[in-house]
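Because the structure is predicted, anything quoted here is derived from the model rather than measured. First the proteins, then the strands, lettered A, B, ... as listed; each starts at 1. Quick note: numbers below take in every heavy atom, side chains included, and nothing from hydrogens, waters or symmetry partners.
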Number of protein chains: 2
Amino acid sequence: MATIAEQSAELRMATFRLARRLRAQKADQALSDAQFAVLGVLYRHGGTRTLTELAEQEQVSAPSMNRTVNCLEESGYLVRTADEVDRRKSNISLTDAGRDVVKATITKRDAWLTTRLRELSKEDRATLARAAELMGGIITQ
Amino acid sequence: MATIAEQSAELRMATFRLARRLRAQKADQALSDAQFAVLGVLYRHGGTRTLTELAEQEQVSAPSMNRTVNCLEESGYLVRTADEVDRRKSNISLTDAGRDVVKATITKRDAWLTTRLRELSKEDRATLARAAELMGGIITQ
DNA sequence: TATTGTTATACTCTATAACTATA
DNA sequence: TATAGTTATAGAGTATAACAATA
């Protein structure tokens with residue numbers, strides 16, 4: 001029986017390796033991780049977000065986020081719209097192309113993982129499903 | 001009961017979030033992920049590695065790895081030693097400071113995770129331990 | 001010729017400092 | 001005066017192309 005410290009080390013390594021492997025699966029290879037993370041935030045959020053909100057969410061500086069948003073705007077994945085009430089703000093939202101590339105990437109990542117989960121027993125899949133719940137609980141502490 | 005596709009999505013999200021949280025824990029905040037990954041390879045490998053080997057292992061170009069190794073050399077975490085047999089090569093190895101920063105970071109990450117695992121039941125810990133094994137199996141396919 | 005490592009160049013992501021426009 | 005966003009500047013990570021030294 002492994003110690004809790006040993007279990008931690010194993011879980012840490014397995015998590016890093018699986019995350020790395022999943023990250024490699026993307027619909028547009030030209031999209032960086034930082035860029036895709038922004039698209040993902042907008043996709044999950046649904047509506048619009050300001051530059052400051054995106055910077056806080058991703059824990060980067062405003063100028064850094066500004067640059068990333070510029071790239072994504074040039075690529076046609078999002079648009080800025082001037083706020084009618086507070087004219088300092090610009091509301092950032094996904095374009096159809098932006099939504100499509102997020103959906104396609106999620107589909108690709110899940111397809112890769114689903115293929116591998118299918119090869120496992122029902123019990124092993126249940127173990128991973130329960131583990132995902134537990135991992136979620138650990139993070140939100 | 002969730003579908004396999006739903007289980008995939010949950011596992012994907014939980015993996016990304018836990019990896020992100022773990023990555024944030026490091027002994028030297030000035031070390032980038034790319035830099036720490038190189039130190040980690042050298043630490044796990046034990047002996048020396050050439051620039052080409054490191055570039056292949058991390059799946060980046062040789063010039064890119066050269067730059068990262070330059071930074072780490074300037075920081076005193078690794079050294080280049082000219083190969084006596086094949087004089088084109090330089091053997092890259094960790095310094096004591098390099099080993100120390102890897103050990104300290106691993107300790108910090110595992111301590112964070114161990115604290116959270118201790119709060120779980122024995123059964124939940126066993127589930128996560130088995131999940132780590134399964135995740136390892138998925139990756140090496 | 002092929003391999004190992006490096007330099008040159010360019011683009012993205014990161015930061016801080018300083019600036020503009022608006023509240 | 002404070003806030004939202006941007007520009008200026010600089011350092012790090014990424015790439016490809018071209019080069020020197022060695023095998």
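Remark: the A:Arg67 side chain and the C:dT12 base include no donor-acceptor N/O pair separated by less than 3.5 Å. Residue-to-nucleotide contacts include no donor-acceptor pair under 3.5 Å from the side chain of A:Arg87 to the base of C:dT22.
Between B:Lys89 and B:Glu84, none of the side-chain N atoms (NZ, or NE/NH1/NH2) sits under 4.0 Å from a carboxylate O, so this pair counts as no salt bridge.
For B:Asp86, the listed nucleotide lying nearest its side chain is D:dT22; candidates were D:dT22, D:dG13, C:dT6. Taking the side chain of A:Val60 as heavy atoms from C-beta on, and the options C:dG5, D:dA15, C:dT14, the nearest nucleotide is C:dT14.
Listed by chain and number, the residues in a side chain to side chain donor-acceptor pair (under 3.5 Å) with A:Arg130 are A:Glu133, B:Asp124 (sequence neighbours excluded).
With DNA chain C read from its 5' end, the first of the two nearest nucleotides for A:Cys71 and B:Glu53 is the one closest to B:Glu53. With DNA chain C read from its 5' end, the first of the two nearest nucleotides for A:Glu84 and B:Arg88 is the one closest to B:Arg88.
Not one side-chain nitrogen or oxygen of A:Arg49 sits closer than 4.0 Å to the OP1 or OP2 atom of D:dG5. Of the side-chain N and O atoms in B:Asn66, none sit less than 4.0 angstrom from OP1 or OP2 of C:dG5. Within the structure, every side-chain polar atom (N or O) of B:Ser90 is placed at least 4.0 Å from both OP1 and OP2 of C:dT4. Between A:Gln35 and C:dT12 there is no side-chain N or O to OP1 or OP2 distance below 4.0 Å.
Nearest approach of B:Thr48 to B:Ser93, heavy atoms of both residues: CG2-CB, 3.7 Å.
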- Message: As a quick check of understanding, evaluate salt bridge (Lys or Arg N to Asp or Glu O under 4.0 Å) for A:Lys26 and A:Asp33, giving each step before the final call.
- Response: CA-CA 10 Å; A:Lys26 52 181 92 164; A:Asp33 289 345; 3.8 Å; yes
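Using a 4.0 Å heavy-atom distance criterion, B:Ser64 is classed as a base contact. Using a 4.0 Å heavy-atom cutoff across all strands shown, B:Ser61 reaches at least one base atom of the nucleic acid. Using a 4.0 Å heavy-atom cutoff across all strands shown, A:Val85 reaches sugar-phosphate atoms only and no base atom.
Here the C1' atom of nucleotide C:dA15 and the CD atom of A:Glu58 are 16 Å apart, to the nearest Å.
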